[in-house]
Amino acid sequence: MLAILGGSGLSQLANLENVRRQAVRTPYGEPSGPLTFGRLSGRDVVFLARHGYGHTIVPHDVNYRANVWALHAQGVEGIVSVASVGGIREEFRPGCLVIPDQILDYTWGRSHTFFDGPGVKVTHIDFTMPYSQTLRTRLLLAADSCGEAVFDGGVYATTQGPRLETAAAINRLEHDGADLVGMTGMPEASLARELELDYAAVTVVANHAAGRGGSMNGIQLELIEAVLDDAIRRVRRIIEAMVSQ
Ligand code: HPA
C-alpha cells in the first residue's frame, strides 16, 4: 500500500473508493488529521493532508514526526509527497511538475529526528541521496504512461516560511544550487529515511520564486490557486497511474 502526503492544493484524493478515515495516535503526538484509507485504481492507498483537511496547519507547525510515524505504522511501501514550490531554475515555470532528486534544508526549530531523547542511542543515517530512486522511477514511468510531462531531477530548498522569500534570499538559494523552493520538504524526507521508508516527491511549481520571471516585482498570490488547480489534476493522473503499475 502506498501513502500519499498531500500539500497545498491536494487536501483530498478524487476517485478514492471505499473511503474510511481513522485517527491514529503516535508517540510523537497527533498527525495532521485522521488517515484516509481507500482504493484508487483498484489498489489500497492511504492519504494524509499535510496541512490538515481544512488547510490550517502552517509549515513550521506540521507535526512531521507524527505524520511520518503514523504512515509508517500502517506498513506502507513508501510515501509520495505532493508539495507546491516556487521555481528558481528558469525552465521551472508555474504549472511545471518536477520530481526532485536533492534537497537543502534552511528550516529551524522543527522536531526533525526520531533519534533523540533520554536513552536513545546516537544514530546517524546516510542521506546522500535523499529521495528513493525506486519511487522516483515509478513516478517518472507513471507520468510517461499517462502522457504528463515532468522534469526528472532538481534541488529542492526548504525554507521556514510561512512568509515567502526575498529576492536576495532566492539569489542565495540559487547560488547554493537550489532549483525549487518550498516549506515542507524537510524534515519530512529525513524522517522517512530514519524509518527506512521509501520517500519521493512530486513538486508543483505554483509561482516563479521571488524576484524571478513573473515574480520580478512580487509574487502574485492570487494567481497561484488557478495554477495549482490545473497542475494538481495532472498530479492525480500520475498518482493513479503509479498505484496501478
Ligand atoms: N517559496 C516557498 N514556498 C513556496 C513557494 C515559494 O515561492 N511557492 C509555493 N510554495
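The model shown is predicted, which means the values in this text are computed figures rather than measured ones. Just the heavy atoms: all of them, side chains too, but no hydrogens, waters or symmetry mates, feed the values below. Both counts, for ligands and for their atoms, begin at 1 and track the order of listing.
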Taking only heavy atoms of M183 into account, list the atoms of ligand 1 that are under 4.0 Å away from them. 2 (C), 3 (N)

Numbered atoms of ligand 1 (with element) below 4.0 Å of G182, judged on heavy atoms: 2 (C), 3 (N)

Should the ring pair Y199 and Y131 be called parallel, tilted or perpendicular, given that the plane angle runs from 0 to 90° and is split at 30 and 60? parallel

Given S32, which partner from the list N67, D61, N63 fulfils the side-chain hydrogen bond (donor to acceptor under 3.5 Å, both in side chains) test? N67

Are Y64 and Y28 an aromatic pair by the rule of ring centers under 6.0 Å? no

In the protein, what heavy atom is nearest to [atom], and what distance, to one decimal place, separates them?
{"atom": "atom 10 (N) of ligand 1", "answer": "S84 O, 3.4 Å"}
{"atom": "atom 2 (C) of ligand 1", "answer": "E165 OE2, 3.3 Å"}
{"atom": "atom 4 (C) of ligand 1", "answer": "V181 O, 3.6 Å"}

Which of the listed options, A210, G86, S8, holds the heavy atom that is closest to atom 5 (C) of ligand 1? G86

Take S215 and Q220, measure what side chain to side chain contact (heavy atoms under 4.5 Å, CB included) needs, and give me the verdict at the end. CA-CA 7 Å; S215 303; Q220 293 173 277; over 6 Å; no

Judging by distance only, is a nitrogen or oxygen of N207 under 3.5 angstrom from one on ligand 1? yes

How close do A200 and S132 get, heavy atom to heavy atom, and via which atoms? CB-O, 4.3 Å

Under a 4.0 Å heavy-atom limit, does L164 contact ligand 1 with its side chain, its backbone, both, or neither? side chain

Pair T36-Y53, side-chain donor/acceptor within less than 3.5 Å: yes

